[in-house]
Amino acid sequence: MFRLAIIIGSTRPHRNGEAVAQWIFDIARQHRQTDVELVDIRDYELPLLDEPLPASSGQYSHAHTRVWSEKIASFDGFVFVTPEYNHAPPAALKNALDYLFHEWNNKSAGFVSYGAMGGVRAVQELRHIMGALMIADVRTQVTLSLFTDFEKMSVFRPDPRHEKTVNTMLEQIVAWGTALKPLRQND
(Lines give C-alpha, C1' and ligand atoms only; values in the text may rest on other atoms or scores of the structure.)
Protein backbone atom coordinates (compact mmCIF):
# COMPACT_ATOMS: atom_id res chain seq x y z
CA MET A 1 0.00 0.00 0.00
CA PHE A 2 1.10 3.54 -0.77
CA ARG A 3 1.16 5.62 2.45
CA LEU A 4 -0.21 9.09 1.80
CA ALA A 5 -0.29 11.98 4.27
CA ILE A 6 -2.65 14.87 3.84
CA ILE A 7 -0.88 17.64 5.73
CA ILE A 8 -2.89 20.57 7.05
CA GLY A 9 -0.48 23.47 6.58
CA SER A 10 -2.13 26.14 8.73
CA THR A 11 -2.29 26.35 12.49
CA ARG A 12 -4.50 29.42 12.55
CA PRO A 13 -7.68 29.41 14.68
CA HIS A 14 -10.88 29.00 12.61
CA ARG A 15 -8.82 27.92 9.61
CA ASN A 16 -10.42 26.59 6.44
CA GLY A 17 -7.72 23.94 6.05
CA GLU A 18 -9.42 21.32 8.22
CA ALA A 19 -12.53 21.17 6.02
CA VAL A 20 -10.44 21.15 2.84
CA ALA A 21 -8.17 18.39 4.16
CA GLN A 22 -11.16 16.30 5.23
CA TRP A 23 -12.61 16.62 1.72
CA ILE A 24 -9.32 15.46 0.18
CA PHE A 25 -9.10 12.65 2.73
CA ASP A 26 -12.60 11.40 1.84
CA ILE A 27 -11.72 11.35 -1.86
CA ALA A 28 -8.31 9.70 -1.27
CA ARG A 29 -9.83 6.92 0.85
CA GLN A 30 -11.65 5.75 -2.28
CA HIS A 31 -8.33 4.94 -3.97
CA ARG A 32 -7.67 1.26 -3.35
CA GLN A 33 -3.90 1.55 -3.58
CA THR A 34 -3.55 4.15 -0.81
CA ASP A 35 -3.46 4.12 2.96
CA VAL A 36 -4.27 7.74 3.74
CA GLU A 37 -3.88 9.70 6.97
CA LEU A 38 -4.62 13.28 8.00
CA VAL A 39 -1.61 14.98 9.56
CA ASP A 40 -2.22 18.27 11.32
CA ILE A 41 1.01 20.15 12.01
CA ARG A 42 -0.78 21.92 14.86
CA ASP A 43 -0.84 18.59 16.74
CA TYR A 44 2.98 18.43 16.77
CA GLU A 45 3.50 21.76 18.55
CA LEU A 46 6.72 22.50 16.72
CA PRO A 47 8.27 25.73 18.01
CA LEU A 48 10.27 27.89 15.63
CA LEU A 49 13.08 25.66 14.49
CA ASP A 50 15.06 24.92 17.64
CA GLU A 51 17.37 22.10 16.62
CA PRO A 52 21.05 22.99 17.10
CA LEU A 53 22.22 20.91 14.10
CA PRO A 54 21.02 21.10 10.50
CA ALA A 55 18.19 18.72 9.62
CA SER A 56 20.44 17.02 7.05
CA SER A 57 22.51 15.63 9.95
CA GLY A 58 19.52 13.57 11.13
CA GLN A 59 20.63 14.20 14.71
CA TYR A 60 17.66 15.53 16.63
CA SER A 61 17.96 16.71 20.22
CA HIS A 62 14.27 17.39 20.93
CA ALA A 63 11.45 14.91 21.44
CA HIS A 64 9.05 16.96 19.29
CA THR A 65 11.45 16.66 16.34
CA ARG A 66 11.85 12.90 16.79
CA VAL A 67 8.06 12.42 16.89
CA TRP A 68 7.66 14.59 13.75
CA SER A 69 10.49 12.69 12.05
CA GLU A 70 8.92 9.31 12.75
CA LYS A 71 5.55 10.43 11.43
CA ILE A 72 6.88 11.92 8.17
CA ALA A 73 9.29 9.03 7.55
CA SER A 74 6.32 6.63 7.53
CA PHE A 75 4.84 8.10 4.32
CA ASP A 76 5.52 7.63 0.61
CA GLY A 77 3.85 10.83 -0.52
CA PHE A 78 2.06 13.96 0.60
CA VAL A 79 -0.78 16.31 -0.19
CA PHE A 80 -0.05 19.72 1.27
CA VAL A 81 -3.21 21.69 2.05
CA THR A 82 -2.16 25.31 2.24
CA PRO A 83 -3.71 28.72 2.39
CA GLU A 84 -1.97 31.73 0.93
CA TYR A 85 -0.91 34.36 3.45
CA ASN A 86 0.67 37.49 1.94
CA HIS A 87 1.51 35.68 -1.31
CA ALA A 88 3.25 32.82 0.54
CA PRO A 89 2.57 29.61 2.46
CA PRO A 90 2.02 29.85 6.21
CA ALA A 91 5.12 30.18 8.35
CA ALA A 92 4.01 27.13 10.37
CA LEU A 93 4.17 24.94 7.25
CA LYS A 94 7.59 26.25 6.26
CA ASN A 95 8.80 25.66 9.81
CA ALA A 96 7.48 22.07 9.80
CA LEU A 97 9.23 21.40 6.49
CA ASP A 98 12.53 22.84 7.77
CA TYR A 99 12.66 20.53 10.78
CA LEU A 100 13.48 17.50 8.60
CA PHE A 101 15.44 16.56 5.52
CA HIS A 102 15.99 12.86 4.83
CA GLU A 103 12.44 12.01 5.89
CA TRP A 104 11.13 14.04 2.92
CA ASN A 105 13.60 12.77 0.30
CA ASN A 106 12.57 10.79 -2.77
CA LYS A 107 8.88 11.08 -2.11
CA SER A 108 6.10 12.71 -4.10
CA ALA A 109 3.77 15.57 -3.31
CA GLY A 110 0.79 17.50 -4.60
CA PHE A 111 -0.87 20.70 -3.48
CA VAL A 112 -4.36 21.83 -2.60
CA SER A 113 -4.36 25.57 -2.06
CA TYR A 114 -6.92 28.18 -1.22
CA GLY A 115 -7.10 31.93 -1.04
CA ALA A 116 -8.36 35.00 -2.84
CA MET A 117 -6.39 33.94 -5.92
CA GLY A 118 -6.64 30.20 -5.25
CA GLY A 119 -3.41 30.07 -3.28
CA VAL A 120 -1.26 29.71 -6.40
CA ARG A 121 1.51 31.99 -5.14
CA ALA A 122 1.87 29.97 -1.93
CA VAL A 123 2.30 26.82 -4.00
CA GLN A 124 4.78 28.52 -6.30
CA GLU A 125 7.01 29.10 -3.29
CA LEU A 126 6.42 25.59 -1.95
CA ARG A 127 7.56 24.09 -5.27
CA HIS A 128 11.00 25.70 -4.76
CA ILE A 129 11.17 24.24 -1.26
CA MET A 130 10.16 20.79 -2.54
CA GLY A 131 13.16 20.75 -4.86
CA ALA A 132 15.52 21.55 -1.98
CA LEU A 133 13.98 18.71 0.07
CA MET A 134 14.22 16.26 -2.85
CA ILE A 135 10.45 15.88 -3.06
CA ALA A 136 9.04 15.33 -6.55
CA ASP A 137 5.99 17.55 -6.81
CA VAL A 138 3.35 16.78 -9.41
CA ARG A 139 2.05 19.38 -11.83
CA THR A 140 -1.67 18.92 -11.19
CA GLN A 141 -2.81 21.25 -8.44
CA VAL A 142 -6.19 21.95 -6.87
CA THR A 143 -6.81 25.68 -6.46
CA LEU A 144 -9.78 26.80 -4.40
CA SER A 145 -11.13 30.33 -4.38
CA LEU A 146 -12.36 31.92 -1.18
CA PHE A 147 -15.02 33.61 -3.33
CA THR A 148 -16.44 30.63 -5.22
CA ASP A 149 -15.56 27.53 -3.15
CA PHE A 150 -16.46 28.95 0.27
CA GLU A 151 -19.60 30.62 1.54
CA LYS A 152 -18.75 33.88 3.30
CA MET A 153 -15.10 32.84 2.89
CA SER A 154 -15.44 30.33 5.72
CA VAL A 155 -17.89 27.51 4.91
CA PHE A 156 -16.28 25.11 2.45
CA ARG A 157 -18.50 24.25 -0.53
CA PRO A 158 -16.16 23.11 -3.32
CA ASP A 159 -17.26 23.33 -6.92
CA PRO A 160 -17.88 19.71 -8.03
CA ARG A 161 -15.45 20.14 -10.95
CA HIS A 162 -12.54 20.05 -8.49
CA GLU A 163 -13.05 16.37 -7.65
CA LYS A 164 -11.71 15.27 -11.06
CA THR A 165 -8.59 17.38 -10.50
CA VAL A 166 -8.14 15.89 -7.01
CA ASN A 167 -8.28 12.36 -8.44
CA THR A 168 -5.78 13.21 -11.19
CA MET A 169 -3.41 14.72 -8.63
CA LEU A 170 -3.71 11.68 -6.35
CA GLU A 171 -3.00 9.29 -9.23
CA GLN A 172 0.12 11.29 -10.10
CA ILE A 173 1.34 11.36 -6.50
CA VAL A 174 0.96 7.58 -6.21
CA ALA A 175 2.63 6.95 -9.58
CA TRP A 176 5.59 9.21 -8.87
CA GLY A 177 5.99 8.06 -5.27
CA THR A 178 5.91 4.43 -6.36
CA ALA A 179 8.53 5.11 -9.03
CA LEU A 180 10.78 6.71 -6.39
CA LYS A 181 10.45 3.81 -3.96
CA PRO A 182 13.73 2.11 -5.04
CA LEU A 183 15.59 5.33 -4.18
CA ARG A 184 14.02 5.40 -0.72
CA GLN A 185 15.07 1.79 -0.13
CA ASN A 186 18.70 2.75 -0.74
CA ASP A 187 18.60 5.42 1.99
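None of these values were measured; they are calculated from a predicted model.
Scanning all heavy atoms of the two residues, the minimum distance from A21 to I8 falls at CB-CG1, 3.5 Å. Closest heavy-atom contact between D50 and H62: O-NE2, 3.0 Å. Of all heavy-atom pairs spanning I173 and G77, the tightest one is CG2-CA, 4.3 Å. Between H87 and E125, the closest heavy-atom pair is O-OE2, 3.4 Å. M117 and R121 get closest at one heavy-atom pair: CG-NH2, 3.3 Å. Annotation for G9 and L93: closest pair O-CB, 3.4 Å, computed over non-hydrogen atoms.
Residues H64 and Y99 bring their aromatic ring centres within 6.0 Å.
The cluster map of Ile, Leu, Val, Met, Phe, Trp and Tyr, joined by side-chain heavy atoms under 4.5 Å apart, puts V138 and V20 in the same cluster. Under the 4.5 Å side-chain heavy-atom criterion for Ile, Leu, Val, Met, Phe, Trp and Tyr, V174 and L183 are members of distinct hydrophobic clusters. Under a hydrophobic clustering in which Ile, Leu, Val, Met, Phe, Trp and Tyr are joined whenever their side-chain heavy atoms come within less than 4.5 Å, directly or via other members, I27 and V39 fall into different clusters. Residues I7 and M130 are members of one and the same hydrophobic cluster, defined by side-chain heavy-atom contacts under 4.5 angstrom among Ile, Leu, Val, Met, Phe, Trp and Tyr. Residue F80 is not grouped with residue F2 when hydrophobic side chains (ILVMFWY) are merged at heavy-atom distances under 4.5 angstrom, including chains of intermediate members.
Counting heavy atoms from C-beta outward, N167 and H31 have side chains that approach closer than 4.5 Å. A heavy-atom distance below 4.5 Å is not found between the side chains of T11 and P90. Using a 4.5 Å cut-off on side-chain heavy atoms (C-beta onward), F156 and E18 make no contact. By the 4.5 Å heavy-atom criterion applied to side chains, V79 and F25 are not counted as neighbours.
Using a cutoff of 4.0 Å between basic side-chain nitrogens and carboxylate oxygens, R3 and D76 are not scored as salt-bridged. The pair K71-E103 does not meet the salt-bridge criterion, since no charged nitrogen lies less than 4.0 angstrom from a carboxylate oxygen. Look at R127 and D137 and you find a salt bridge, because one of the NZ, NE, NH1 or NH2 atoms lies within 4.0 Å of a carboxylate O, short of that distance.
Taking CD of Q141 as the reference point, atom CZ of R139 lies at 10.5 Å (rounded to 0.5 Å). The structure places CG of L133 at 11.0 Å from NE2 of H102, a figure rounded to the nearest 0.5 Å. Annotation: the span from I41 atom CD1 to K94 atom NZ amounts to 12.5 Å, rounded to 0.5 Å. We find the CZ-CG distance between R66 and L100 to be 12.5 Å, quoted to the nearest 0.5 Å. Separation of atoms CG (D35) and CZ (R29) is listed at 11.5 Å; rounding is to 0.5 Å. Interatomic distance, D159 CG to R157 CZ, rounded to the nearest 0.5 Å: 13.5 Å.
When atom types are taken as modelled, the side chain of N95 and the backbone of A91 share no donor-acceptor pair closer than 3.5 angstrom. At least one donor-acceptor pair under 3.5 Å links the side chain of R184 to the backbone N or O of N106. Looking only at distances, no side-chain donor or acceptor of S69 sits under 3.5 Å from a matching main-chain atom of T65. No donor-acceptor pair closer than 3.5 Å links the side chain of N16 to the backbone N or O of Y114. A donor-acceptor pair under 3.5 Å is formed between the side chain of S113 and the backbone N or O of G118.
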Under the criterion side chain to side chain donor-acceptor pair (under 3.5 Å), I'd like the reasoning laid out for S10 against Y85: C-alpha separation, chi angles, the key distance, then a yes or no. CA-CA 10 Å; S10 173; Y85 298 155; 2.8 Å; yes
Does L126 form a side-chain contact (heavy atoms from CB on, under 4.5 Å) with F111? I'd like the steps, not just the answer. CA-CA 9 Å; L126 284 170; F111 305 99; 3.8 Å; yes
Before giving the answer on side-chain contact (heavy atoms from CB on, under 4.5 Å), spell out for E37 and L4 the whole-Å C-alpha distance, their side-chain angles and the decisive distance to 0.1 Å. CA-CA 6 Å; E37 183 177 333; L4 178 69; over 6 Å; no
Could you walk me through whether T168 and Q172 satisfy the side-chain contact (heavy atoms from CB on, under 4.5 Å) test, starting with their C-alpha distance in whole Å, then the side-chain angles of each, then the deciding distance to 0.1 Å, before giving a yes or no? CA-CA 6 Å; T168 299; Q172 291 174 356; 3.7 Å; yes
Quick one, Q22 with D26, criterion side chain to side chain donor-acceptor pair (under 3.5 Å). Give me CA distance, side-chain angles, the key distance, then yes/no. CA-CA 6 Å; Q22 185 63 52; D26 292 341; 2.9 Å; yes
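Between W68 and W104, the two ring planes are perpendicular [angle over 60°; tilted spans 30° to 60°]. Using the six-membered ring where Trp is involved, F78 and F75 have ring planes that are perpendicular, over 60° apart on the 30 and 60° scheme.
Other residues, nucleotides and ligands contribute more than 12 heavy atoms inside 6.0 Å of the CG atom of L53. In the displayed structure, N86 atom CG is contacted under 6.0 Å by at most 12 heavy atoms of other residues, nucleotides or ligands.
Side-chain contact annotation: E51 with S61, donor-acceptor N/O pair under 3.5 Å present.
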